[in-house]
2 protein chains.
Amino acid sequence: MISKVTIHEVARLSGVSIKTVSRVLNREPNVKNDTRARVQEAVAALNYRPNISARSLAGSKAYLIGVFFDNPSPAYVTDVQLGAIARCREEGYHLIVEPLDSTGDVAAQVEPMLQTLRMDGVILTPPVCDNVAVLDVLEAEGVPYVRLSPDQDQDRSAHVRMDDVRAAYEMTAHLIGLGHTDIGFIKGHPEHGASHLRYEGYAAAMKEHGLAVREEHVEQGWFSFRSGFEAAERLLDRANRPTAIFASNDDMALGVMAVANRLRLEVPQTLSVAGFDDTPGAKVVWPQLTTVRQPIQAMAAAAADLLLTGATRAEGEPPPSRLLDFELVVRESTGPVG
Amino acid sequence: MISKVTIHEVARLSGVSIKTVSRVLNREPNVKNDTRARVQEAVAALNYRPNISARSLAGSKAYLIGVFFDNPSPAYVTDVQLGAIARCREEGYHLIVEPLDSTGDVAAQVEPMLQTLRMDGVILTPPVCDNVAVLDVLEAEGVPYVRLSPDQDQDRSAHVRMDDVRAAYEMTAHLIGLGHTDIGFIKGHPEHGASHLRYEGYAAAMKEHGLAVREEHVEQGWFSFRSGFEAAERLLDRANRPTAIFASNDDMALGVMAVANRLRLEVPQTLSVAGFDDTPGAKVVWPQLTTVRQPIQAMAAAAADLLLTGATRAEGEPPPSRLLDFELVVRESTGPVG
DNA sequence: GCTCGCCTTGACAAGGTTGTCATGCCTTTA
DNA sequence: TAAAGGCATGACAACCTTGTCAAGGCGAGC
């Protein structure tokens with residue numbers, strides 16, 4: 001079907017003007033019911049689809065939502081795309097993906113895209129969502145944006161996030177509930193806001209259950225497998241080692257598992273291990289990892305929703321935002337203290 | 001900067017007609033050098049960017065390349081996107097991502113996208129690249145497409161792939177070079193073409209080195225961790241077990257590692273393990289996995305290149321295609337026979 | 001019966017670019 | 001010297017839709 005059906009043919013077939021067809025397509029009011037029906041029939045009969053270029057040229061919408069990312073985790077990135085698409089499709093919007101190179105001049109990469117594409121909105125994932133230069137450009141170009149799990153300056157824009165503190169609290173409580181009292185913790189990258197929040201949740205749970213946070217049971221990590229491996233070596237290579245280790249993310253938890261394996265510590269009989277994020281790797285180890293699942297798709301869908309519904313910040317109010325629920329995924333790597 | 005710079009302003013500033021500006025922008029011939037320079041200066045001075053909607057409405061190009069996928073592997077998907085974007089950016093093209101739901105009516109999902117967006121080309125990843133209904137729609141709409149690693153009917157369209165046979169051959173040769181003679185093999189999902197090719201490479205290498213492919217050393221798997229785990233249990237729970245296992249993909253190889261761990265078989269001292277694909281999980285186990293890296297980004301870039309350069313099939317010729325080199329990634333999970 | 005105002009519809013311009021065709025100039029060829 | 005052809009450029013239409021504004025029809029209120 002190389003011949004393209006235009007709005008004129010629909011108008012001719014249904015015996016109305018093109019403007020009325022346009023009204024029907026855009027669900028505008030003030031069209032009589034039977035006119036509307038007639039137009040819809042013609043649309044179906046001709047298998048007509050509005051041309052998106054003409055639409056965005058004439059109107060104010062481009063029907064394009066951008067997703068900017070520079071995220072090392074492919075699983076995260078695809079989940080964001082899937083979640084955002086799900087919501088966008090309902091409204092006939094499409095997704096433009098733009099990987100950014102944070103090591104370069106990000107603003108210079110972003111500006112031309114914004115100017116040529118005129119997207120209706122942009123979703124920003126960590127870490128670009130905390131790149132001030134990018135936010136500046138978006139605001140200068142007047143493109144609405146929503147940030148996913150921003151670390152800093154949350155009041156600057158609309159955003160969607162998860163309650164890291166409460167999630168870490170619940171995971172710690174889960175371990176305590178299993179009888180653990182000596183619970184090691186591996187912190188995440190100190191420049192990621194989530195690291196502090198997760199530690200905060202851990203510390204709060206310990207305190208509220210009357211347990212001390214022992215300094216020698218808290219290690220600094222960097223969110224990488226290697227850093228988790230090394231932190232675990234320090235935690236486990238001592239007499240009074242913890243009976244459980246809660247790592248701030250899954251990659252580090254997998255590092256812990258590897259050390260446990262080497263030291264012949266049975267998981268979970270001798271050592272319980274908990275992670276955070278529910279990355280694909282969590283199911284690819286044996287035993288499978290107990291972890292926290294971020295509702296990434298749902299968060300991205302919420303972000304798209306904020307964009308599409310045009311939620312705007314009221315004067316003097318904080319910007320619109322959504323806080324989604326996490327999910328504790330209890331698998332085999334945690335068990336009663338042995 | 002809400003005010004948008006148009007081609008008219010560039011024309012005015014450089015003292016030429018808009019058509020000439022257009023010619024310069026599109027690198028058309030027949031523009032005097034100093035005129036061209038003058039226009040380019042004006043473009044830079046005004047920070048002008050052509051409006052993509054207007055461009056695609058007036059011209060034949062949409063400056064949009066689609067990536068259709070329904071791929072369970074996020075790492076694969078993002079690599080494809082990164083590779084494709086790298087090439088597209090050079091020409092000012094953008095990437096539209098469209099996850100497809102293979103369980104539904106894929107053609108019905110694809111058709112409206114094609115009609116509204118009028119993309120200049122589409123990149124298809126497995127398994128959608130083997131979905132005949134999708135190919136039919138693309139051809140009916142006259143949208144050029146390139147398939148990545150298609151299983152079937154390769155002569156139907158342009159495609160890019162890697163030499164699975166040779167890669168599996170080389171990996172097997174690597175193991176043989178380490179002194180192994182009893183090399184187990186775990187096949188992949190029988191409906192994936194790559195499964196057959198990889199087995200073929202394994203068998204060829206064994207044969208050419210004068211080694212027998214022992215039937216009890218070849219197990220059927222399904223590309224999943226679980227299936228690798230179970231196949232490994234069968235392979236290793238016997239007296240004359242192999243000294244090396246080559247799994248058709250990394251997930252299954254990780255399953256093998258898990259079994260080895262359980263059985264207290266040292267890797268690689270007692271058992272060498274090799275995978276295929278170099279997924280992120282390959283570096284997240286201990287010891288790290290020896291595997292084959294597909295140049296996925298390069299393959300996607302090649303696909304984009306075929307689309308952008310408009311490589312067309314000559315009459316009576318096979319369609320244009322590219323065959324890229326793999327890379328043998330030797331890490332710690334393989335070693336000399338002990 | 002008349003005016004007012006709302007609902008419904010249509011004519012036409014606008015949006016920013018590329019494609020087509022015409023024009024004028026300059027160089028080459030007979 | 002004249003004709004032919006190529007190069008550089010511009011005027012204007014075309015692409016397809018939405019936005020603006022005007023107009024006609026019809027019911028309600030006086």
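Below, chains carry the letters A, B, ... as their sequence lines are ordered, and counting in each starts from 1.
When heavy atoms are screened at a 4.0 angstrom cut-off, B:Lys19 is found touching base atoms of the nucleic acid. In this structure, B:Ile18 reaches the bases: a heavy-atom distance under 4.0 Å links it to at least one base atom across the strands shown. Residue-level contact check: B:Tyr63 touches neither bases nor backbone, having no heavy atom under 4.0 Å from any strand. Residue A:Asn30 is classed as a base contact, given a heavy-atom separation below 4.0 Å to a base. At the heavy-atom level, A:Thr35 lies under 4.0 Å from the strands shown only through sugar-phosphate atoms.
If you measure from atom CG of A:Leu57 to atom P of D:dG19, you get 12 Å, rounded to the nearest angstrom.
Shortest non-hydrogen contact noted between B:Glu9 and B:Lys4 is OE2-O, 3.6 Å.
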Can you give each donor-acceptor pair under 3.5 Å made by side-chain atoms of residues 33-45 of chain B, sequence neighbours left out, with the distance rounded to 0.1 Å?
from: B:Arg36; atom 1: NH2; to: B:Glu28; atom 2: O; distance (Å): 3.0
from: B:Arg38; atom 1: NH1; to: B:Ser14; atom 2: O; distance (Å): 2.7

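When distances are taken from the side chain of A:Ser60 to each of D:dG10, D:dG19, C:dT17, the shortest belongs to D:dG19. Closest approach to the B:Arg23 side chain among D:dG10, D:dT17, C:dT18 is made by D:dG10 (side chain taken as heavy atoms from C-beta onward).
Between B:Gln294 and B:Asp79, the side chains place no donor N or O within less than 3.5 Å of an acceptor N or O (distance only, hydrogens not considered).
Overall, the helix from C:dG1-D:dC30 to C:dA30-D:dT1 carries an axis bend of 40° between its ends, with five pairs at each end and the value rounded to 10°.
With values rounded to the nearest 0.5 angstrom, A:Cys88 atom SG is found 9.5 Å from A:Leu64 atom CG. In this structure, CZ on B:Arg118 lies 8.0 Å from OG on A:Ser53, to the nearest 0.5 angstrom.
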